[in-house]
Amino acid sequence: MKKDLGVIPAIHPMPVLMIGTYNEDGSVDVMNAAWGQVCDTDKVILSLGKKRRTVENLKRNKAFTVALADVVHMREADFFGIVSGSRDPLKFARSGLHETKSSRVNAPVIEEFPVVLECELFEIIDTESIYGVVGKVLNVQAEEYALDDAGRVDAEDA
């Protein structure tokens with residue numbers, strides 16, 4: 001027999017996504033976003049607050065990356081969710097992580113995260129409370145250890 005639970009976020013597991021963009025001055029911006037998923041073979045959708053600097057960056061740059069946080073970098077992923085880049089301009093530098101510029105989009109690839117999607121901005125859906133940011137995935141980079149024997153991303157190791 002099913003039990004009524006009320007309104008809760010009941011889709012699990014929820015990924016921890018690191019959204020990477022470049023600020024206006026070219027510095028790296030990374031935010032932690034829990035509300036995102038694949039929405040087509042070549043697209044992802046993120047639910048982001050309208051007042052986030054990351055949203056302004058991806059609108060301006062028409063690009064972003066989505067990295068899957070892993071257990072090894074849980075502390076850094078948590079840091080990106082707690083510290084505001086608007087209040088701390090050295091946020092990324094303080095994380096101790098490293099980036100390289102994507103060869104496909106104007107956005108940073110965070111080296112330490114095992115799987116990174118390189119996305120161009122496809123569409124922004126403006127709702128009453130959030131933006132639904134749809135990105136067209138141009139490429140996925142993955143560390144070899146995060147792949148299964150068939151060469152697909154392995155959720156256990158990613």
Side-chain angles (χ1 to χ4, degrees), residues 7-70 72-143 146 153 155 158:
V7 178
I8 62 170
I11 297 174
H12 293 282
M14 302 233 350
V16 178
L17 306 173
M18 302 292 103
I19 312 306
T21 62
Y22 285 121
N23 293 313
E24 209 164 7
D25 66 0
S27 62
V28 176
D29 170 65
V30 180
M31 77 169 277
N32 179 319
W35 307 100
Q37 64 186 13
V38 172
C39 66
D40 200 349
T41 305
D42 65 343
K43 292 183 187 65
V44 295
I45 187 164
L46 309 170
S47 297
L48 302 178
K50 292 184 172 188
K51 296 183 181 185
R52 299 281 183 190
R53 178 165 60 170
T54 301
V55 172
E56 294 307 312
N57 289 341
L58 64 84
K59 282 175 156 180
R60 183 181 60 258
N61 297 322
K62 306 288 188 233
F64 57 96
T65 56
V66 179
L68 304 180
D70 58 354
V72 174
H73 298 96
M74 187 169 29
R75 183 174 184 195
E76 292 88 347
D78 192 45
F79 174 78
F80 288 132
I82 294 171
V83 176
S84 165
S86 297
R87 291 191 203 120
D88 184 353
L90 299 176
K91 174 182 172 179
F92 184 74
R94 290 184 207 281
S95 76
L97 300 182
H98 306 89
E99 65 91 20
T100 56
K101 186 178 188 310
S102 165
S103 63
R104 291 177 172 80
V105 297
N106 185 27
V109 172
I110 310 308
E111 293 298 325
E112 288 79 0
F113 293 124
V115 179
V116 180
L117 289 71
E118 298 166 280
C119 304
E120 69 181 9
L121 181 60
F122 181 77
E123 179 179 17
I124 294 180
I125 302 163
D126 189 354
T127 74
E128 184 179 327
S129 57
I130 56 106
Y131 286 130
V133 176
V134 180
K136 180 177 174 78
V137 180
L138 300 184
N139 186 50
V140 177
Q141 293 185 22
E143 295 290 343
V153 174

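All values derive from a computational prediction rather than experimental measurement.
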ring-ring contact (aromatic ring centres under 6.0 Å, His included): pairs with one or both residues in residues 101-128, sequence neighbours excluded: H73-F113
Within residues 15-39 or reaching into it, pairs that qualify as salt bridge (Lys or Arg N to Asp or Glu O under 4.0 Å) - sequence neighbours excluded: none
Salt bridge (Lys or Arg N to Asp or Glu O under 4.0 Å) partners of K136, counting only residues at least two apart: D42
Contact list for residues 79-108, test ring-ring contact (aromatic ring centres under 6.0 Å, His included), sequence neighbours left out: none
Any residue meeting side-chain contact (heavy atoms from CB on, under 4.5 Å) with V140, in chain and number order, not counting sequence neighbours: V115, L117, V137
Nearest-0.5 Å distance, NZ of residue K62 to CG of residue N106: 12.0 Å
Heavy-atom side-chain contact between I125 and I45 under 4.5 Å: yes
Heavy-atom side-chain contact between W35 and I130 under 4.5 Å: no
Considering all heavy atoms, the nearest E99-P108 contact: OE1-CB, 3.5 Å
Side chain to side chain donor-acceptor pair (under 3.5 Å) partners for E111, two or more places apart: T100
Closest non-hydrogen atom pair between G36 and P15, with its separation: O-CG, 3.6 Å
Within residues 100-110 or reaching into it, pairs that qualify as salt bridge (Lys or Arg N to Asp or Glu O under 4.0 Å) - sequence neighbours excluded: R104-E118
Side chain to side chain donor-acceptor pair (under 3.5 Å) partners of S47, counting only residues at least two apart: none
Reported CG-to-CG distance for the pair L58 and L48, which is rounded to 0.5 angstrom: 7.0 Å
Pairwise distance OG(S86) to NZ(K51) - rounded to 0.5 angstrom: 12.5 Å
Rounded distance [0.5 Å steps], CD1 in I19 versus CD1 in I110: 11.0 Å
Pairing residues for D126 by the salt bridge (Lys or Arg N to Asp or Glu O under 4.0 Å) criterion, not counting sequence neighbours: K50
Sequence-distant partners of E143, side-chain contact (heavy atoms from CB on, under 4.5 Å), two or more places apart: P114, Y145
Nearest heavy atoms of V105 and A63, plus distance in Å: CB-CB, 3.6 Å
Residues forming a salt bridge (Lys or Arg N to Asp or Glu O under 4.0 Å) with E76, sequence neighbours excluded: none
Any residue meeting salt bridge (Lys or Arg N to Asp or Glu O under 4.0 Å) with D88, in chain and number order, not counting sequence neighbours: R94
Rounded distance [0.5 Å steps], CG in L121 versus CG in N57: 12.0 Å
Shortest non-hydrogen separation from A77 to V16 and the atoms involved: CB-CG1, 4.3 Å
Under 3.5 Å: donor-acceptor pair, side chain of K43, backbone of V134: no
Euclidean distance, T65 OG1 relative to N139 CG, rounded to 0.5 Å: 12.0 Å
Donor-acceptor under 3.5 Å (K91 side chain, V30 main chain): yes
